[in-house]
Amino acid sequence: MNSSRLLRLAALAFLVSGCATAPNHVLAPAARSIDGGREVLVTVAQGEIKTNINKSNVAAAGGGGLLLALVDVGIEQHRATVAEKAVTPLRDALIGFDFDSEVQSQTKATLNSLDWFGAQRFSFAKELTSQSRGNDMAHAQTKQVAFFDYDYGVSIDFDAIEVHLTVSVADKQAIAQNVPANKLPYQQKHKVVIPLRGAANDKDENVRHWAADNAALAKRALGDGLRDIQGMMKQGLTQSADAAAKMAKGERVTAGSYSGALIDYSNGATTLWNSVTDEWVMVTSPIG
Amino acid sequence: MALASLACLCAGALGGCISDTPYVANATYKPPAAQPGTVKPQPFSHCYATVRSVIDKRSDPTTFGTVAGREVRAPADIVAWIGTALQGIDQYGINTGVPADGTVPATEIQADLVMAWVSNVRVSKTANMVLSVRYRRGGIDSDPKLYRGATNTVNWSSNDGELQAMIDRTMTQIIKSMAADMLAVCKAGA
């Protein structure tokens, strides 16, 4: 692979997975409207609800080495096996639930409510890689492209359902010139966590609750999460520089297993900015 | 596998050894090699099956997803791929086709591909496929039944061979479950 292609893929990778340097979280009023508007691409790069496991740190704790790395592999493989087996009843119960269509219609409605955003052609994709992003940028007909990358899953202990969204606004020219991600006009990560009321320590027991009655509770959690994340997305896109600065100095709060600077507290939901993961996290009141 | 793969696995987390070339799954299903010592079951004489229809009901027929950043694309004709997989049911005690003498009715299989996706959970690569299957026997359709294949193994380097093996193993689980159900019905009616 030649070096320019590597550089280009590295730049595009920031659009896929975020970056170490804090990206621009404020779309300045002067930069909100853009001639020709913005093409919009929505992605949900998964077929079903995802699992999540804790990272194993044996090698790190033991000073490294291939042997300890193998131990980590074994531990993580075991954890993944347990999680993937436990989630199956929920996946089966969710078959037929069209998360993808709901994501598209809600994103479209939210963006159409922001006149200045100038949302143009809406596209949807199940694929999200550096290459696919490069193709999306290359084929865009507008100067800027807005990406809305969603994913959803169960928490590590299956005691919550989470909906995630990364919003990125990219200049078509910038990608061609390998401009780093922290020079993107805008990027923000959002997460909504919907806890299960009375959750047990047992994954199987929690899955039973989420999956009961054709996954009624899980569907409600995903619907609520999607609705709440639209509000966060809108708030993020319209946030002023002053509000962003104030947010970083906000009161330190804890909600569930998350802590950070308080953004908002309303209707039993706490929204905070987690400086470690650099994302907005909303923890709603438990359901069930 | 050993050290090179492990080094690759560790580096893979940082995008080290994983190819950025999308992998396109094989056009035809290849059942995993039988373990030494296993004997292919003799087909049950009263059990015949034919494939009546296969429909892909996924919203995006082109992709299976990504494993550690490497895209895995579905075969260009996934309906044909499933068709070849269903023909593989003869590995598990079912005769494929229609009996020459016509004395035993063949079960017609109508399969809808509801889900097929791959992903990774940290060091693991996972695949899930779901077929919704109806059986027609003696002119009567059964209720649809969901068959899920799910595999989860260490992802050494997302190379072509291990990705294809994962996809084939996942489909094999479905074929085996279908064969078991059909055999039970055939034996009950024999």
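Chain naming here is simple, since letters A, B, ... match the order of the sequence lines and numbering starts at 1 in each.
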If I measure from the heavy atoms of chain A, does B/Thr126 come under 4.5 Å with its side chain, its backbone, both, or neither?
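Side chain of B/Thr126 only, per the 4.5 Å heavy-atom cut-off to chain A.
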Proximal component of B/Arg73, with respect to chain A [non-hydrogen, under 4.5 Å]
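Looking at B/Arg73, just its side chain touches chain A.
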Looking at A/Lys108, I'd like to know if its NZ atom is crowded, meaning that more than 12 non-hydrogen atoms belonging to other residues, nucleotides or ligands lie closer than 6.0 Å.
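Incorrect, the count does not exceed 12.
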If you count the non-hydrogen atoms of other residues, nucleotides and ligands that lie under 6.0 Å from CG in A/Asp98, is the total more than 12?
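Yes, the 6.0 Å shell around CG holds more than 12 heavy atoms from other groups.
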Atom pair [atom1]/[atom2] of [X] and [Y] - distance to nearest 0.5 Å:
X: B/Met115; Y: A/Leu94; atom1: CE; atom2: CG; answer: 9.0 Å
X: B/Arg122; Y: A/Asp72; atom1: CZ; atom2: CG; answer: 9.0 Å
X: A/Thr88; Y: B/Arg148; atom1: OG1; atom2: CZ; answer: 5.5 Å

Kindly give the heavy-atom pair with the smallest separation between B/Ser124 and A/Glu76, and that separation in Å.
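Distance-wise, the nearest heavy atoms are OG-O, 4.3 Å.
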Might you point out which heavy atoms bring A/Glu84 and B/Val121 nearest each other, and give the distance in Å?
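Closest approach of A/Glu84 to B/Val121: OE2-CG2, 3.7 Å.
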Does some side-chain heavy atom of A/Ser132 sit less than 4.5 Å from a side-chain heavy atom of B/Glu71?
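Result no, sub-4.5 Å side-chain heavy-atom pair not found.
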Would you please go through residues 128-143 of chain B and name the residues with a non-hydrogen atom below 4.5 Å from one of chain A, in numerical order?
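Answer by number: B/Asn128, B/Val130.
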Against chain B, label A/Ala45 side chain, backbone, both or neither, depending on which of its atoms sit under 4.5 Å from a heavy atom there.
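Nothing of A/Ala45, per the 4.5 Å heavy-atom cut-off to chain B.
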A/Ile95 versus chain B, heavy atoms under 4.5 Å apart: side chain, backbone, both or neither?
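Contact with chain B: side chain only.
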Are the side chain of A/Gln77 and the backbone of B/Asn152 linked by a donor-acceptor contact shorter than 3.5 Å?
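Yes, because the side chain of A/Gln77 sits within donor-acceptor range (under 3.5 Å) of the backbone of B/Asn152.
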Heavy atoms only, distances under 4.5 angstrom: which of B/Thr63, B/Leu146, B/Thr153, B/Thr62 has the most pairs with chain A? Name it, please.
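So the answer, after comparing B/Thr63, B/Leu146, B/Thr153, B/Thr62, is B/Thr153.
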Report the option among A/Lys126, A/Arg79, A/Lys85 that has the most heavy-atom pairs separated by less than 4.5 Å from atoms of chain B.
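When all of A/Lys126, A/Arg79, A/Lys85 are compared, A/Lys126 has the most.
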As an exercise: rank A/Lys55, A/Glu48, A/Glu127 by heavy-atom pairs under 4.5 Å with chain B and give me the winner.
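Greatest number of close heavy-atom pairs with chain B: A/Glu48.
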